[in-house]
Amino acid sequence: MMSTSSKIRLAIPNKGRIAEPINDLMNRSGIHIQMSASRQLIAKTVDPQIEVLFVRPIDIPEYVAKGVADIGITGIDMVAERGSDVSIMLDLKFGSARLVLAVPEKSPVQSVKDLSGLRIATEFPGICRRYFADAGVDVTLIEVSGACEAAPQLGVADAIVDLTSSGTTLEINKLRIVDEIISSTTNVIANHESLKEKHEKIEEILLAFESVIAAKGQCYLMLNVDKSKLDDVRRLIPGLGGPTIMDIAGSGAVAVHAVVPHVRVYQLINQLKRAGARDVLVLDITRMVR
Ligand SMILES: Nc1ncnc2c1ncn2[C@@H]1O[C@H](COP(=O)(O)OP(=O)(O)OP(=O)(O)O)[C@@H](O)[C@H]1O
Ligand SMILES: O=P(O)(O)OC[C@H]1O[C@H](OP(=O)(O)OP(=O)(O)O)[C@H](O)[C@@H]1O
Ligand SMILES: [Mg+2]
């Protein structure tokens with residue numbers, strides 16, 4: 001195992017749907033990117049051992065497989081499309097989408113078997129070839145690089161294989177799902193050799209990302225309460241290691257601190273006030289390491 005002095009190159013998307021959430025993850029995890037120009041392809045970070053490479057999400061799996069980057073962040077669909085030999089390290093749980101086979105609402109097609117001899121438009125030729133081969137169905141693939149849902153209306157395809165998340169694009173283009181091929185989220189992937197040689201540093205980065213995911217949806221609640229009412233307040237505060245209780249010197253009151261889920265806060269504050277809590281503060285948690 002190598003020391004923590006290993007340099008790491010991290011490949012992340014330069015554009016597209018997941019670029020912004022990944023940038024947010026980098027900031028929250030404390031690995032701030034230092035950009036000197038907006039179209040910069042390689043950037044330094046606050047950690048002199050971590051350098052960032054900005055590339056297209058579809059190219060990240062192969063850059064990582066070939067060792068151009070040690071680790072990368074991209075959709076699991078991109079890894080499947082390229083068939084890249086990388087280690088899947090961490091599911092970041094955003095960028096959720098399903099890759100589906102869809103046909104015009106009025107099409108007679110009911111299953112993949114009905115597509116024999118027909119034309120399929122897709123941005124995912126790799127996944128499609130394997131999918132139709134597994135199904136034993138011979139089709140013609142029409143490769144497009146966006147706006148795939150328009151292909152049936154334009155008369156260039158009989159069906160499409162494309163991503164859907166909210167379902168809006170399928171609905172607007174009057175398309176019906178016939179099958180789900182894969183579901184995808186944004187993941188951290190790693191090069192096999194880098195994992196052996198730079199294990200400690202990669203683990204350090206993963207821990208930083210995990211701590212951001214753990215903190216998501218949680219907030220830090222602080223309040224003061226007279227000791228006589230402490231039991232009522234304690235009963236209201238949900239788990240997560242139980243509240244921390246500290247004496248406020250000479251006041252007959254205590255300070256109570258606890259980590260609580262965001263979704264509980266609105267109701268909880270009212271209940272706590274009724275139970276005698278005062279000076280309530282709710283703070284965002286950026287990172288949480290257990
Ligand atoms: N509708 C969506 N909802 C959630 N995630 C999506 C959606 N569309 C794409 N993604 C995910 O975003 C990642 C990058 O795809 P995206 O289409 O944003 O990149 P791109 O093709 O480089 O950008 P663009 O389509 O703007 O040219 C993929 O892993 C994909 O699964
Ligand atoms: O279910 P929805 O929420 O409507 O999302 C689905 C759309 O999102 C993606 O398009 P993207 O924004 O990447 O544009 P593109 O078609 O040019 O790739 C995908 O290719 C679909 O077209
Ligand atoms: Mg796209």
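Both counts, for ligands and for their atoms, begin at 1 and track the order of listing.
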Enumerate the atoms of ligand 1 whose separation from the nearest heavy atom of [X] is less than 4.0 angstrom.
X   : answer
I18 : 12 (O), 13 (C)
R56 : 20 (P), 21 (O), 22 (O), 27 (O)
G75 : 29 (O)
M78 : 28 (C), 29 (O)

Starting from [atom], locate the nearest protein heavy atom and write down its residue, its atom name and how far away it is, to 0.1 Å.
atom                    : value
atom 2 (C) of ligand 1  : S165 OG, 3.3 Å
atom 4 (C) of ligand 1  : S96 O, 3.3 Å
atom 29 (O) of ligand 1 : D77 OD1, 2.7 Å
atom 26 (O) of ligand 1 : G16 CA, 4.1 Å
atom 19 (O) of ligand 1 : P57 CG, 3.6 Å
atom 9 (C) of ligand 1  : L163 CD1, 3.4 Å

Heavy atom of protein inside 4.0 Å of [atom], strictly below:
atom                    : answer
atom 24 (P) of ligand 1 : no
atom 17 (O) of ligand 1 : no
atom 31 (O) of ligand 1 : yes

Inset, instruction - Measure R17 to ligand 1 on non-hydrogen atoms and call it side chain, backbone, both or neither using the 4.0 Å cut-off. - result: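 For R17, backbone and side-chain atoms both sit under 4.0 Å from ligand 1.
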
Inset, instruction - Select one of side chain, backbone, both or neither to describe which atoms of A19 lie under 4.0 Å from any atom of ligand 1, heavy atoms only. - result: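 None of A19 does.
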
Salt bridge between [X] and [Y], side-chain N to carboxylate O under 4.0 Å?
X    : Y    : value
D70  : R9   : no
R278 : D226 : yes
D247 : K227 : yes
K201 : D47  : yes
D24  : R28  : yes

Legend entry - Partners meeting side-chain contact (heavy atoms from CB on, under 4.5 Å) with R130 (sequence neighbours left out):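 side-chain contact (heavy atoms from CB on, under 4.5 Å) check on R130 returns A80, I127.
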
Legend entry - Contact check, side chains of I189 and M89, non-hydrogen atoms, under 4.5 Å: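 A side-chain contact is absent here, since even the closest heavy-atom pair is not under 4.5 Å.
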
Inset, instruction - Would you indicate whether the side-chain heavy atoms of N224 and V254 approach each other to under 4.5 Å? - result: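 When only atoms from C-beta onward are counted, N224 and V254 do not touch, as no gap falls below 4.5 Å.
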
Quiz question: by atom type and distance under 3.5 Å, do the side chains of [X] and [Y] form a donor-acceptor pair?
X    : Y    : value
H192 : S87  : yes
D179 : Y131 : yes
D91  : T185 : yes

Which pairs would a plain distance check flag for residues 104-111, meaning a side-chain donor or acceptor within less than 3.5 Å of a matching protein atom at least two apart in sequence or in another chain?
residue: S107; atom: OG; partner: V109; partner atom: N; Å: 3.0
residue: S111; atom: OG; partner: K113; partner atom: N; Å: 3.3

Legend entry - Contacts of Y220 that satisfy ring-ring contact (aromatic ring centres under 6.0 Å, His included) - sequence neighbours left out: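 ring-ring contact (aromatic ring centres under 6.0 Å, His included) list for Y220, sorted by chain: H257.
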
Legend entry - Amino acids in close contact with ligand 2, where any non-hydrogen atom sits under 4.0 angstrom away: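 Around ligand 2, where the cutoff is 4.0 Å for heavy atoms, the contacting residues are R17, E123, G146, A147, E149, D162, L163, T164, S165, S166, G167, T168, T169.
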
